[in-house]
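Take a look at the structure below.
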Amino acid sequence: MRLSRFFLPILRDTPKDAEIVSHRLMLRAGMIRQEAAGIYAFLPLGMRVLQKVCKIVREEQDRSGAVEMLMPTIQSADLWRESGRYEDYGKEMLRIQDRHERDMLYGPTNEEMITEIFRASVKSYKQLPLNLYHIQWKFRDEVRPRFGVYRSREFLMKDAYSFDIDAAGAKHSYNKMFVAYLRTFARLGLRSIPMQADTGPIGGDLSHEFIILASTGESEVFCHKDYLEFPVPEADVNFDDVGGLEKLIEKWTSLYAATSEKHDAPAFDKIPEARRLSARGIEVGHIFYFGTKYSEPMKATVTGPDGTMKPVHMGSYGIGPTRLVAAIVEACHDDNGIVWPEAVAPFHVGLLNLKQGDSGTDAACEQLYRDFAAKGIDVLYDDTDDRAGAKFATVDLIGLPWQVLVGPKGLAEGKVEVKRRSTGEREMLTPADALKKIAG
RNA sequence: CGGAGUGUAGCGCAGCCUGGUAGCGCACCUGCUUCGGGAGCAGGGGGUCGCAGGUUCGAAUCCUGCCACUCCGACCA
């Protein structure tokens, strides 16, 4: 992509409403624009990151055996009257009426709808287990949206819903998602730590929040340092191995880990002091087993092996991709801007023509641009008339993992400069070597 | 929903108290000079001053109402 033909509205000044670093940087980098309180447009740079996040989320959901679908944003109020939540949900639910004055709502979540879809078609235990997921926009009319897309009213959400014949099956479904989440966040370049979470009125201990560590995170977290070194399950993990998965989850839940709300100071103090980690974190995922809370009132039953009808055991599993983009920025930035993990970077490399209009640099850039494209590398080619300094500042701000700086100075010796955004490391290489280093 | 604020050019702000031709910096356009870490000079474009009433010869400025947005708290992926 040539920057001259892209849409990258960089802001030099920080908008005053942006309080936290991810909000500031996302606005400055031209990733998002606020359209109303808690409602944001994703501009091209932001959309690229969002799509990469979704792609990884999707791949790991698929790997675990979940099946993608898409439910609508607008739902009928009748569905929510069945579960009793239409009255309970409160003002966070955006209620609307269509032209026939039928009560509708913009979905804040989808348990009711997925249960309706399930019960319409699934009648036998033989069709279980089943895990259906979708990635869709949701709306929760928060009293006070803030922090940009980190806590917005409209947000993208991956929701998976599992269906099993009994609690034991549901536990295995839960474990699958647990592993999928560990892998998802690791692939996004983040270290996530599963922490015991509140299960609300349902009770039980089957709920975990996945927290990533970031110095600017909003909640205080306490855990055993060993979590930072636990190996993340490999891509070839066998999701059908019930016992194997159970052991994995046991290990990942064996040590102390809690957010401040659930913090148990005496338990934390039992950890050897050198292994205690007290830090700040951001919640990026939440998994939950809720049994028959919806299947009973909504009559989502299947026939079991013994011929009797049983309500299915369900769980739901959320990841907020839009929040995740902000969380990644919180975790990955420095004074000059964003430092994208390679897996989600909007472009892999920024190619800077330091003297646009100079025949030598123009030709070298055009050649490199073609060479990167031929290797399938996403490159943003800054072919604008801006001065070198402005280009440096911009490419640092938008955080592309690699920078290739092409100027007359280097070219005089047949070299271009390759800079790694994350470390600041630079080296002078021939264009061919630069290509090899970055594209492999 | 309680408390506190702010609305003036794309962004950041001054002007308002004490009414009198709407300003500054950045960004944008033109030209010249520059050109490896957000250039300099000169010229230029862009505003129903959040909206609606009211007071006044005259309102960005004073009064009333409304709307939007932000911050603190409670709530939350």
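Small disclaimer: the values here were computed from a predicted structure and weren't measured. Protein chains get the first letters and strands the later ones, always in sequence-line order, with residue 1 at the start of each.
OP1 or OP2 of B:C1 lies within a sub-4.0 Å distance of a side-chain N or O belonging to A:Lys91. In terms of phosphate contacts, A:Gln356 brings no side-chain nitrogen or oxygen within less than 4.0 Å of OP1 or OP2 of B:C35. Between A:Arg387 and the phosphate of B:A39, there is a side-chain N or O to OP1/OP2 separation shorter than 4.0 Å.
Put simply, A:Phe155 rests on the base of B:A77: the two rings are less than 5.5 Å apart at their centres and nearly parallel, under 30°.
Following rounding to the nearest Å, A:Met428 (CE) and B:G36 (P) show an atom-to-atom distance of 14 Å.
Checked by atom type and distance alone, the side chain of A:Thr361 pairs as donor or acceptor with a backbone atom of A:Lys355 at under 3.5 Å.
To the nearest whole angstrom, the two C1' atoms, one in B:A59 and one in B:G53, are 13 Å apart.
In this structure, A:Trp80 and A:Tyr89 have perpendicular ring planes: the angle between them is above 60°, well past the 30° mark. Taking the six-membered ring where tryptophan is involved, the planes of A:Phe6 and A:Phe347 are perpendicular, since the angle between them exceeds 60° and thus also 30°. Note on ring orientation: taking the six-membered ring where Trp is involved, the planes of A:Phe290 and A:Tyr294 are perpendicular (angle over 60°, cut-offs 30° and 60°).
No donor-acceptor contact under 3.5 Å links the side chain of A:Arg12 to the base of B:A27. Under 3.5 Å, the side chain of A:Asp396 and the base of B:G37 form at least one donor-acceptor pair of N or O atoms. Below the 3.5 angstrom threshold, one finds a donor paired with an acceptor across the side chain of A:Arg151 and the base of B:C76. In the interface, the side chain of A:Arg28 is not paired with the base of B:G10 through any donor and acceptor atom under 3.5 Å apart.
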